[in-house]
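Structure, as structure tokens:
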Amino acid sequence: MIIVTVPTSKGGIRRKHHRAWTLSEVMKLVEGVSRYGAGRWSEIKRLAFASYSYRTSVDLKDKWRNLLKASFAHIPSDKGVNSRKNAATMPIPEPILLRVRELAERQSQVPPNLTSGKEAGSSGSSAVAAKIKRDGDNREDQRNGSRDGSKPEKKATDYHLGQLKAKIAKLRTQLLEPPKVLQKARDVGDRYNASPVYVLILYCAVLFQGMIGSSSKAMMVIAVSKSSDIVLMVLDTSKSEGHQQILTRELEAVGLCLTKRPPQIYFKKKKTGGISFNSTVPVTHVDEKLCYQILHEYKIHNAEVLFREDATVDDLIDVNEGNRKYMKCIYVYNKIDVIGIDDVDKLARQPNSIVISCNLKLNLDRLLAKIWEEMGLVRVYTKPQGKQPDFTDPVVLSADRGGCSVEDFCNHIHRSLVKDVKYVLVWGLSARHYPQHRGLGHVLQDEDVVQIVKKKVMNA
DNA sequence: ATTAGGG
DNA sequence: CCCTAAT
């Protein structure tokens with residue numbers, strides 16, 4: 001950490017701390033904004049930056065402002081590969097800036113100094129951006145009820161495809177291999193067009209053994225991967241068998257854990273009281289003394305630690321480092337048409353795996369079904385009072401992004417809604433009888449229908 | 001206590 | 001990164 005002293009206007013002296021933002025911090029911030037929305041800084045701080053005691057919510061806000069500026073200032077020159085040599089500050093990888101811009105556009109945050117576009121006749125990217133913006137506005141209108149006779153599903157699909165294409169187009173310039181599975185992405189969009197879900201599929205033929213951690217391009221792929229919903233590791237069945245383990249291990253080394261749950265360790269810093277170490281199950285890898293030593297390393301002397309599983313030392317460290325990302329992953333074994341049936345059978349029986357052939361279009365529908373199933377998405381339809389449920393535009397929830405409770409559902413509709421809710425009426429799998437009265441804590445299931453009953457507003 | 005915005 | 005005004 002650097003501390004410089006600067007003179008203040010009144011002749012005094014003030015200490016100014018500076019701690020450079022690491023890439024993983026930036027990625028966490030971007031993820032936080034995508035999850036909770038720009039402006040909810042203290043929430044992001046609490047939920048995503050719990051382990052970084054420096055970085056106040058204001059810091060996050062400032063950093064986001066800088067990122068926003070950077071992303072809009074820099075993107076127009078996206079033809080060349082990072083041609084900005086004069087960037088004295090740490091260069092933020094392009095994919096991250098893209099994501100920043102995308103989020104900004106989705107939340108209709110446009111930097112004030114970019115009202116008249118300079119990139120008038122240039123590449124398709126501005127057109128795409130404009131289209132995305134337009135469609136976004138349309139969606140907003142539809143939600144507000146002013147719906148005309150057009151087909152919303154088609155528009156939604158266009159919207160997703162537009163975003164996918166924009167993303168992929170930008171990435172294409174950086175990745176060695178063109179995204180060959182674009183077609184598959186389109187299939188996903190068509191089949192599940194009722195849901196605003198973003199599936200970004202990177203064709204990761206570019207990730208080779210030994211590349212992760214040493215190649216900046218590979219790191220960018222990983223940076224983007226971390227903010228997506230699921231990872232599909234596409235493996236060539238006809239090549240060596242070890243690729244899956246090697247890639248998984250290499251990804252783990254850079255903080256991306258596939259097909260694993262986060263360690264079940266409750267950890268809370270305290271002001272006082274020393275370290276209390278407890279467990280709900282017998283622990284064999286860690287004892288109180290070891291725990292104390294580790295926390296001492298992090299200069300933590302007061303905390304409550306509760307092991308909910310027989311976790312290892314590494315797990316405890318991960319909890320403290322807090323820079324690991326646990327992601328769902330499906331291992332997709334491609335080219336099963338060129339190997340023997342016994343081998344196919346063996347691969348298909350492995351956990352989190354599916355076998356396909358792009359060439360012969362084998363098993364692709366099962367892959368889609370599996371993606372859907374793994375993501376654990378919960379579509380909830382809204383039902384206005386006294387009207388039919390709206391089955392065209394579900395609110396999509398999942399345990400990974402915010403949770404599936406009624407409260408989460410309300411927050412998806414509008415941030416301020418939750419405090420006005422008296423109770424909700426639920427139809428569907430999660431309801432015992434129809435309709436069932438439930439509160440904010442109720443956990444919803446896929447295809448439930450919910451009607452919100454608001455508290456009576458007392459007027460003075 | 002938190003946030004937006006100017007510095 | 002810091003500060004202040006506004007909520």
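Lettering follows sequence order; numbering is per chain, from 1. Reckoned from all heavy atoms, side chains included, excluding hydrogens, waters and symmetry mates.
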Take atom [atom1] of [X] and atom [atom2] of [N], then tell me their distance rounded to the nearest Å.
{"X": "K45(A)", "N": "dT2(B)", "atom1": "NZ", "atom2": "C1'", "result": "14 Å"}
{"X": "D59(A)", "N": "dT3(B)", "atom1": "CG", "atom2": "P", "result": "13 Å"}
{"X": "W64(A)", "N": "dC1(C)", "atom1": "CH2", "atom2": "C1'", "result": "19 Å"}
{"X": "D62(A)", "N": "dG7(B)", "atom1": "CG", "atom2": "P", "result": "14 Å"}
{"X": "L60(A)", "N": "dT3(B)", "atom1": "CG", "atom2": "C1'", "result": "12 Å"}
{"X": "W41(A)", "N": "dC1(C)", "atom1": "CH2", "atom2": "C1'", "result": "16 Å"}
{"X": "K61(A)", "N": "dT4(C)", "atom1": "NZ", "atom2": "C1'", "result": "11 Å"}
{"X": "N66(A)", "N": "dC2(C)", "atom1": "CG", "atom2": "P", "result": "13 Å"}

Exercise for review: Indicate yes or no: does R379(A) engage E447(A) in a salt bridge with an N to O separation below 4.0 Å.
Suggested key: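 So R379(A) pairs with E447(A) through a salt bridge.
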Practice item. Tell me what R40(A) touches on the nucleic acid: a base, only sugar-phosphate, or nothing, going by heavy atoms under 4.0 Å. Key: sugar-phosphate
Check your understanding: So what does R55(A) hit on the nucleic acid, given a heavy-atom distance under 4.0 Å: a base, only sugar-phosphate, or nothing?
Key ->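 Here R55(A) touches the backbone only, sparing every base.
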Check your understanding: Would one find a side-chain N or O of S42(A) under 4.0 angstrom from OP1 or OP2 of dA1(B)?
Key ->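 For dA1(B), neither OP1 nor OP2 has a side-chain N or O of S42(A) closer than 4.0 Å.
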**Study point:** Residues which pass side-chain contact (heavy atoms from CB on, under 4.5 Å) with F267(A), listed by chain and number, not counting sequence neighbours
**Key:**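 F267(A): side-chain contact (heavy atoms from CB on, under 4.5 Å) contacts with K269(A), L295(A), I300(A), A303(A), V305(A), V319(A), N320(A).
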Check your understanding: Which pairs, with at least one residue in residues 30-44 of chain A and sequence neighbours excluded, count as a salt bridge (Lys or Arg N to Asp or Glu O under 4.0 Å)?
Key -> E31(A)-R35(A), E31(A)-K325(A), R40(A)-E43(A)
Review point. Using 30° and 60° as the class limits, which term best fits the ring planes of Y381(A) and F391(A): parallel, tilted or perpendicular?
Key: perpendicular
